[in-house]
Each structure stands twice: as structure tokens, then as C-alpha cells.
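Chain identifiers are assigned alphabetically (A, B, ...) following the order of the sequence lines, protein sequences preceding nucleic acid strands; residue numbering begins at 1 within each chain.
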Amino acid sequence: MSATLPMQISYPEQLPVTQRRHDIAEAIRDHQVVIVAGETGSGKTTQLPKICLELGRGQEGGVIGHTQPRRIAARTVAERIAAELGTELGQLVGYQVRFTDRSSAQTMVKVMTDGILLAEVQRDRDLRRYDTIIIDEAHERSLNIDFILGYVKQLLPRRPDLKVVITSATIDPRRFSAHFDDAPVIEVSGRMYPVEVRYRELTDDQTQGITDAVRELLTAGPGDILVFLSGEREIRDAADALRRLRPTRVSDAFEVLSLYARLSSAEQHRVFAPHQRRRVVLATNVAETSLTVPGIRYVVDTGLARISRFSARTKVQRLPIEPISKASADQRKGRCGRQADGICIRLYAEEDFDARPEFTDPEIVRTNLASVILQMTALGLGDIGRFPFVEPPDTRSVQAGIQLLEEIGAITSARRARRSKPRGRAETRMADGRTAVSSGKNATPALTTIGRQLAQLPVDPRLGRMIVEGHRNGCLREVIIVAAALSIQDPRERPSEQQDAADAAHRRFADPTSDFAGLLNLWGFVKEQQKELSSSAFRRLCKTDFLNYLRIREWQDLDSQLRQVSKQLGLSLTKTPASAEAVHRSLLAGLLSHIGMKDVDKRDYLGARGSRFAIFPGSALAKKQPPFVMSAELVETSRLWGRVNAAIEPEWAESIGAHLVKRTYSEPHWEYKRGAVMAFEKVTLYGIPIVSERKVDYGRIDRAVARDLFIRHALVQGEWRTHHRFFHANQEVLAEAEELEQRARRRGIVVDDETLFDFYDERVGPDVVSTAHFDSWWKQQRRTTPQLLEFSLDLVVQDAADDLSVQEFPDVWRHGDAAMPLVYEFDPGAESDGVTVEI
DNA sequence: GGGTTAGGGT
């Protein structure tokens, strides 16, 4: 094998993978892609990189890249490989996760999170720095893993020298093999003791089922029990019930522990502390993959979990409680039987299990795709419909993702792109000058300047959009702090035993109109205390103030990372404190479809697209709810909740969402006083009325209608006070014609208004929509054609009345010397009808 | 008044 390796490589005898290492080495040597399937304990994670090293990989040709789904795993895997090779971490074996890079020029094996590898793709399109890539835990099918699997698939022909190893639990290696053109699969056994499965279908409620199962297992022998539940509330209910359970024997005494991700770190750590008494650990899905609880001999599985699903219809994230898949149930079962035989009690029937889907839906079919689409577009991958995903997301989710990117102005409208290329193919000019061709249906449109910036920012596109706007509004410093807070787990802790104390401690920072302002207050407090206190005093303060020190650090790390990237993007940081309004206007740029209007009757909010949401009880806005809000997160659980919120002025949304708002106008009417046509404007954003009845100059909205109304009311009806000569002359002509009607006792002598309208319509300038417009137009026009607008009697008298003349109806009745005025009135039925002589 | 799973990043 290779001579350049500084050490002899050995393999732990007891690991199952050691027995198969020659087969694995052979397969890797002979094939570009190899699938290695094996359960935890098989040793694949740590031994595969060593096998690759022995094959001479990771040396002159490039590095062996090894991805892990989680940061902690990346570090511990690197530590173990380094230890087994007898080298120091960061030299031959290194690792890189966000905020930490412990790799060097000597590094041959680089362990990293899959997100780091994806990030490197942006700068190294063909991943030239690697000669081997190991994708570990591929069966977890996270968004990152599926993206990498697709990317690698289309990279293989360009990199014939690249070797790829996909590792997976034994659940479904064939699927990966099929994706990589029938790549060979090598199965490695795990090291597991047998686990007996007992089905105990619920007869009562879940809590009762759990206590019954725990009671059953207490009699089965010594060892800790791990119970899988769907969420915090279920854990609390079960914990209460179990603590009430009075064990009959001393040996049955046990303590109850909870375990879920949002738990305070101290409470989480109790699970790993050595202990004497038997334990029952009540856990969510954290214990399924992320955390391994030691010493578990028994598992109780409720068969339920909260699964995140993105609704392409309502564009909202949901967290329904669902029956888990067979694969997930088996994973839970596998959490016992590591050290001795185990028992797994499933709180459902065997037929129920048999009827369940084999696998959990991969994240890519369950999630908002905006970020993936943005990345793919930035990479010039063009048509998402043609990208070789193991399992392609459906068209509607892709459309929803594109729609969100349009909302935040990251891409130009797909519809517009399609319209300009009627043959169903859209050519998109990429940032680097290349051209992407895509089919019409799932066309990936071109990135805007904002879109290119968002693709560089390591946060959710909505949060990135806030940052870009923060720069524009001179409040980048504040917006980065908020965006960083929104992308990490909440640094505020709320231990179950001290919720009131924690709430009180956190309330000091609350702002009654904005949870975001509350975050900024907390940030300021933390910064100040850090400056004044020693490092250990600060840690103590975090504890007493119910703040998670590590998450505070993460917040600060992310803040500096975002500052740095922003600087590279030419976004400038502000030195002076920004106004709250500037900050909130910036945040709104990312939250346009997350605004809500108070429904006073129902105590909730009317949201985008007809949705309704309520303010989450933990928000500072829960008590006194403002008329309009924006929410950073809308998640549907028991109902649709807005979790982090602030009051907004609806008019802000009008300008920031100018590309999205719909305007409708009603009641265009002539206003005598203004000498203009006015109408009422209603502005809606995703169906939410952000302006309800604003009076606007209609001449700017609909010139034709406004001109029409101007002519009818001002010129024809004379609803105008003006000195124009033609105006008064015309009124006199009309008066004369009307007088004729009275005297001749006939209607219809004076032409109708339509004729007068047509007269003006033919003559008045096309832009004349108000008295002001008229005046300036007429000032010019009358120089050349001063008589343009003057009526003649011929015009205003109907053709049929040609033979009549006012002269035939004298004004005065002469009788002898007396001359008595005659008044004509044509008003049948009235006393004054006919000719009246005034004596 | 009311209350969410857990991962990842240029």
C-alpha cells in the first residue's frame, strides 16, 4: 500500500467492519461509488477513512472528506479516528464545523458537517480538493444529504478520479445503489444483542399505557428504561403519572428524567451523569438520533412523533403528531440492546406496525425549498426538475419555494421569464456569464442582486433579506443581531421547575410592542455584563438569569460571522444606534407574507392568503395585541401560532411589498372643490387590507375614466367655477336653447348631454383629467384655436328643432301701451305650466 | 386563556 503514510494502520479486531475491510477496499478500488450498510456499532464511521487511507487516498491527489449530519458527531468522529491513528487532532485528521476549523495543510482526513461540504461547493464546484468523499448516515436523508447526493451524482462524470462512499443503516441501501447506477452494496453486521418486541396496544390513554409498560419492565430485570414520546407536553403528563406510581418493592424504585432539545443544558446533562437508582428517561426524537442515552436496556415506544411538514397550499410550516415509520420505530427499538438483551414495548398493535410506511419521508419532500432553490440557482444548476435527486420534491413545493424567493426579491418573476420565451424554454443568464437552460415548467429564474447576496449569507433566505434591508436602512448592526438570534435556538432557558422565575428574569428585557426589540435588549445586557464581569462570573450570571451560556456564545459567533460576510458583500455596518422603526421596517422585508391584521371579535389575526393565526403565549405581544403585526415564525401545532412578533404600521408593508400589493379602486367621483376626479383606494397584501379607504387622485390611476368624468361633470354639467370665456359663452347658448324648449312646449330641443360630451371629448387634450390639467392645456391650445370649445346654437339644438326660433315666442305681450313680460314654462300639471303673463 | 421536533451553513 502507500508508503507516504507515516504510520501503520490497524483495525480493532472486535469491530464487524474489520472482517469486511478487504471486501470494502476492493470495492472502493474497483468502483467509483460504494454503499456500505451497517448498524451503529459496526465501526463503519471510524474505520472507512482508514481503509481509504490504506488505499492511498487522501494523499497527493486530495483529501478524504467525511461528512456527518451533526456538529458534535463531526468532532467526536475526528477525535476517535485521530486517536486510533495515534496522531494529534488537526494534523493528519482534522475537522471543520461552523465556527471551528481544526484542519490544516497536512490533513488527509477531514471530518465535517454536510453543511460545510455544501458551502465549499460554492467556491470549489468540482470539489477538487477531495479525492474521496464519505457521506455518513445517508439514511437520515436530511436536506443537506439529499442535496449532496444529487450534486455528487452529476459531478461523477466530471471527476472520474473521485471515489464516493455512502454509508447507511441497513434499512434501505438499495435505494442509494439505484441512485448511483447499481453501485455495489456491502453490508456489515452490527453488534447488537437481541431485542424482544412486545406489542401492547393502548386500551386507555397514552399516559396509562406508558405507566403500565414501565411497570411491566420494572419486573423484567435491572436496567434503565427509555420512553419515546412526541413532545414536551406528553413528557410532562407521563412524568407526573410516573412520579405518582408507588413502587411495591424497594428494587423497583426509580427516578424520572426528561430529555428534549429545548431542555436547559443542566437538565439535559443529568441523563449522562452516573447514577445509582434505576431510571426512566422520557424523551422526544432527540434520543432517536442526536443523543445516545447510556445504559438503556428497555424501550417504550408510543409510536408517535411530531413531524415537520411544509404545506405548499397554505405556505406554512406544520408540526402534526403522526405515527412514525417502521424504520423510525426500529431505530427507537435499537436504542436498547447495546450492552445486553433488551425489550421494546410498542404501545400499538403489530398490525398497526405492519401497516406503517417503511421510511420516514425525506426532509426534501417535507420542507420549504426556498433555500435549496436559491443555492441551486446560485450554483447555476438551472432546472430543479432535472436535478438528480434521490427523491425529487413535487412541483408544487418547488413553485412555493420560487414564490417565496420572488416575495423577498431574490429572483425575478418566473412568470415574466416564461412570457418572454413563449416556447417553454427559458434561458437564464447566470452571474458568471454562463447560460442556464431550463424547461418551462420548473424554470429556475435568474437571481437578482439581492438573490446573489442572500446566497452568500449563511442564514435562511428570509433572514438574509432582513440583513440586506438593514444595510439599506442604516441599521445593519441591529438587524444582524436579530437575524442571528432567529437562526439559533433560543438562549433563554425555562426549566420546568422554575418557569415563573425564568419568565420574570426574561421579562426585564421584554418590549411590549416587539419581541425583536426584546432580543436587542437582551443582547445589550449580555454585552455589558460580559465587559464588566470575569468570564466565570459571567457564566454564573447566565445561570441565575436563565440564559444558556453556550447558546449565547453561538449567538455572538453567528453575529460576528454575519458581520464578516456582510462586509464582504459590501454591506456596511452602522456605528450609531438605529431607530426602532428602521429596524422593524428592515425585518418586515423578510416577513411580508407573515403579517397579520387583528380580528377584534376573534382575538386572533387575519394572515396571508386567508389564514388565521394567534400570538404565541410566550410572546410579549400576547396580552396587548396591536392592530397589525409581523411574525418571524408561523408554525401550526394545536393552531397556527406566531411565535416571535412585533407591531407594525401597515403602510410599511405597502412600500416594501410594492411588488406584491394589489390595489383596487372604488367610487371614482368628481370633486367640485378639488376640481379633480377622486376615488377610494384599497391596498391589500396577500389579501390583508393594509390600507382600507384612502382617497386618491384618480387621474393618475385611470386616465381615461378620469378624463371622462372631468368632461361630464366640469364641462358638460358645469360643476366648475372658472373664468374661461368659452365656459360662460357655452352656458349662455345652452340657456337660450333651454328657453326655446319652454316656449315651444317641447322636450328634446336641447341636445342631450352625450352630444355635448362628444363635442368636448373630440376636442379636449388626451391628458386632461382635472381642472388644473385643463387650465394648463387650454393655456397653450387657445393661442391657436381660441374658438375650439365654443358651442354654436346649431350644436346644442336638435336637428328636428331647426324650424323653431326663440323669436316665434315673444318675451313680451303688448296690449295697447302696456308691455307685460311673458314667462314660459313647460311643466305639465304645475300651476305655472304654459305661458304666464305678469301683470 | 392559550404553550413546538431536531438537525445543518458560505
Side-chain angles (χ1 to χ4, degrees), chain A residues 67-74 96-101 112-124 137 140-148 228-236 259-263 283-291 304-309 317-322 324 328 360 362-363 366-367 371-372 374-375 378-379 452-461 463-464 484 487-490 494 496 499 503 554 557-558 561-562 564-566 568-569 603-604 613-619 622-623 625 633-644:
Chain A
T67 71
Q68 287 294 318
R70 281 164 293 279
R71 283 190 239 166
I72 301 172
Q96 186 183 352
V97 297
R98 192 181 214 177
F99 310 130
T100 311
D101 184 0
M112 67 198 120
T113 49
D114 36 35
I116 293 283
L117 184 70
L118 274 181
E120 288 181 354
V121 167
Q122 294 268 359
R123 277 171 287 119
D124 180 7
E137 314 279 9
E140 286 192 22
R141 303 293 304 278
S142 69
L143 206 51
N144 284 348
I145 287 172
D146 272 21
F147 194 4
I148 289 175
F228 284 99
L229 302 98
S230 54
E232 286 180 37
R233 163 174 279 184
E234 291 78 11
I235 287 177
R236 223 177 304 126
L259 185 62
Y260 46 90
R262 277 179 39 79
L263 205 64
T284 61
N285 260 356
V286 260
E288 196 178 301
T289 45
S290 306
L291 291 176
L304 298 170
R306 278 201 192 268
I307 309 272
S308 171
R309 297 199 178 268
Q317 189 198 351
R318 304 174 52 232
L319 274 176
I321 296 174
E322 293 183 1
I324 58 171
S328 177
T360 311
E363 194 181 2
R366 293 189 283 114
T367 196
S371 180
V372 173
L374 180 69
Q375 299 310 319
L379 287 168
R452 275 190 292 276
Q453 292 174 321
L454 298 191
Q456 300 296 313
L457 285 163
V459 284
D460 179 87
L463 303 182
S487 50
I488 59 165
Q489 287 177 312
D490 195 333
R494 201 163 176 262
S496 37
Q499 295 191 345
D503 288 348
E554 177 112 347
D557 284 343
L558 184 51
Q561 188 189 22
L562 291 173
Q564 199 188 326
V565 179
S566 298
Q568 288 162 6
L569 293 175
R603 257 191 97 68
D604 67 357
F613 67 87
I615 302 290
F616 194 73
S619 167
K623 291 270 179 292
Q625 307 191 344
E633 281 171 65
L634 288 175
V635 181
E636 186 186 313
T637 51
S638 52
R639 65 188 298 186
L640 185 56
W641 296 107
R643 209 169 73 87
V644 186

**OP:** May I ask you to say what A/Arg318 touches in the nucleic acid, namely base, sugar-phosphate or nothing, with a heavy-atom cut-off under 4.0 Å?
**Re:** nothing

Subject >> Touch class at under 4.0 angstrom, heavy-atom based, for A/Glu232 against every strand present >> reply: sugar-phosphate

Original post:
Hey, is the side chain of A/Gln568 pairing donor to acceptor with the base of B/dT10 inside 3.5 Å?
Top reply: no

**OP:** Classify the nucleic acid contact of A/Ala261 as base, sugar-phosphate or nothing, counting any heavy atom under 4.0 Å across all strands shown.
**Re:** sugar-phosphate

**OP:** May I ask you to say what A/Asp490 touches in the nucleic acid, namely base, sugar-phosphate or nothing, with a heavy-atom cut-off under 4.0 Å?
**Re:** nothing

Subject >> Sidechain-backbone polar pair: A/Gln375 side chain, A/Val372 backbone, donor-acceptor under 3.5 Å >> reply: no

Original post:
Rounded to the nearest Å, what distance is computed from the CZ atom of residue A/Phe228 to the C1' atom of nucleotide B/dA6?
Top reply: 13 Å

Subject >> Side chain of A/Ile116 (C-beta onward), nearest among B/dG9, B/dA6, B/dG2 >> reply: B/dG9

Original post:
Which residues pass the ring pair (Phe, Tyr, Trp, His ring centres under 6.0 Å) test with A/Tyr260, sequence neighbours left out?
Top reply: none

Original post:
Across the strands shown, which category fits A/Val121 at heavy-atom distances under 4.0 angstrom: base, sugar-phosphate, nothing?
Top reply: nothing

Original post:
With a non-hydrogen cut-off below 4.0 angstrom, is A/Arg70 in contact with a base, only sugar-phosphate, or nothing?
Top reply: sugar-phosphate

Original post:
Quick one: A/Gln68 CD to B/dG8 P, roughly how many Å, whole number?
Top reply: 11 Å

**OP:** Looking at every strand, decide which applies to A/Leu118 at a 4.0 Å heavy-atom threshold: base, sugar-phosphate, or nothing.
**Re:** nothing

Original post:
With a 4.0 Å cut-off on heavy atoms, is A/Ser487 in touch with a base, just the backbone sugar-phosphate, or nothing at all?
Top reply: nothing

Original post:
So what does A/Gln561 touch, heavy atoms closer than 4.0 Å: a base, only the sugar-phosphate, or nothing?
Top reply: sugar-phosphate

**OP:** Ignoring backbone atoms, establish whether A/Ser142 has a side-chain N or O less than 4.0 Å from OP1 or OP2 of B/dG8.
**Re:** no

Original post:
Which part of the nucleic acid, if any, lies within contact of A/Ile615, taking any heavy atom under 4.0 Å across all strands shown: a base, the sugar-phosphate backbone alone, or nothing?
Top reply: nothing

Subject >> Phosphate contact (B/dG7 OP1 or OP2) by A/Ser290 side-chain N/O below 4.0 Å >> reply: yes

Original post:
NA contact type, A/Arg71, heavy-atom cut-off 4.0 Å: base, sugar-phosphate, or nothing?
Top reply: sugar-phosphate

Original post:
So, A/Glu140 and A/Thr289: side-chain donor and acceptor under 3.5 Å apart, yes or no?
Top reply: no

Original post:
Counting side-chain heavy atoms from C-beta on, which of B/dA6, B/dG2, B/dT10 comes nearest to A/Val286?
Top reply: B/dA6

Original post:
Which one, B/dG9, B/dA6, B/dG2, comes nearest to the side chain of A/Pro617?
Top reply: B/dG2

Subject >> Side-chain H-bond candidate by donor/acceptor type, A/Gln317 with A/Glu633, under 3.5 Å >> reply: no

**OP:** Could you check which of B/dT10, B/dG2, B/dG9 has an atom nearest any side-chain atom of A/Gln375?
**Re:** B/dT10

Original post:
To the nearest Å, how far apart are A/Leu463 CG and B/dT10 P?
Top reply: 15 Å

Subject >> 5'-most by nearest nucleotide on DNA chain B - A/Val459 or A/Arg233 >> reply: A/Arg233

Subject >> Closest nucleotide among B/dG3, B/dG7, B/dT10 to the A/Phe616 side chain >> reply: B/dG3

Subject >> Residues which pass side chain to side chain contact (heavy atoms under 4.5 Å, CB included) with A/Leu118, listed by chain and number, not counting sequence neighbours >> reply: A/Asn144, A/Phe147, A/Ile148

Original post:
Taking all atoms of both residues into account, what is the closest heavy-atom pair of A/Leu454 and A/Gly464, and its distance?
Top reply: CD2-C, 3.2 Å

**OP:** Let me know, please, whether A/Ser230 or A/Pro458 comes out on the 5' side of the other along DNA chain B by nearest nucleotide.
**Re:** A/Ser230

**OP:** Have a look at A/Gln317 and say if it touches a base, only the backbone sugar-phosphate, or nothing, with a 4.0 Å heavy-atom cut-off.
**Re:** base

Subject >> Candidates B/dT10, B/dG3, B/dG2 - which lies nearest the side chain of A/Arg603 >> reply: B/dG2

**OP:** Looking at every strand, decide which applies to A/Thr289 at a 4.0 Å heavy-atom threshold: base, sugar-phosphate, or nothing.
**Re:** nothing

Original post:
Contact class for A/Gly618 vs. all strands (heavy atom < 4.0 Å): base, sugar-phosphate, or nothing?
Top reply: base

Subject >> Test item: A/Gln122 and A/Gln456 side chains (from C-beta on) under 4.5 Å apart, heavy atoms >> reply: yes

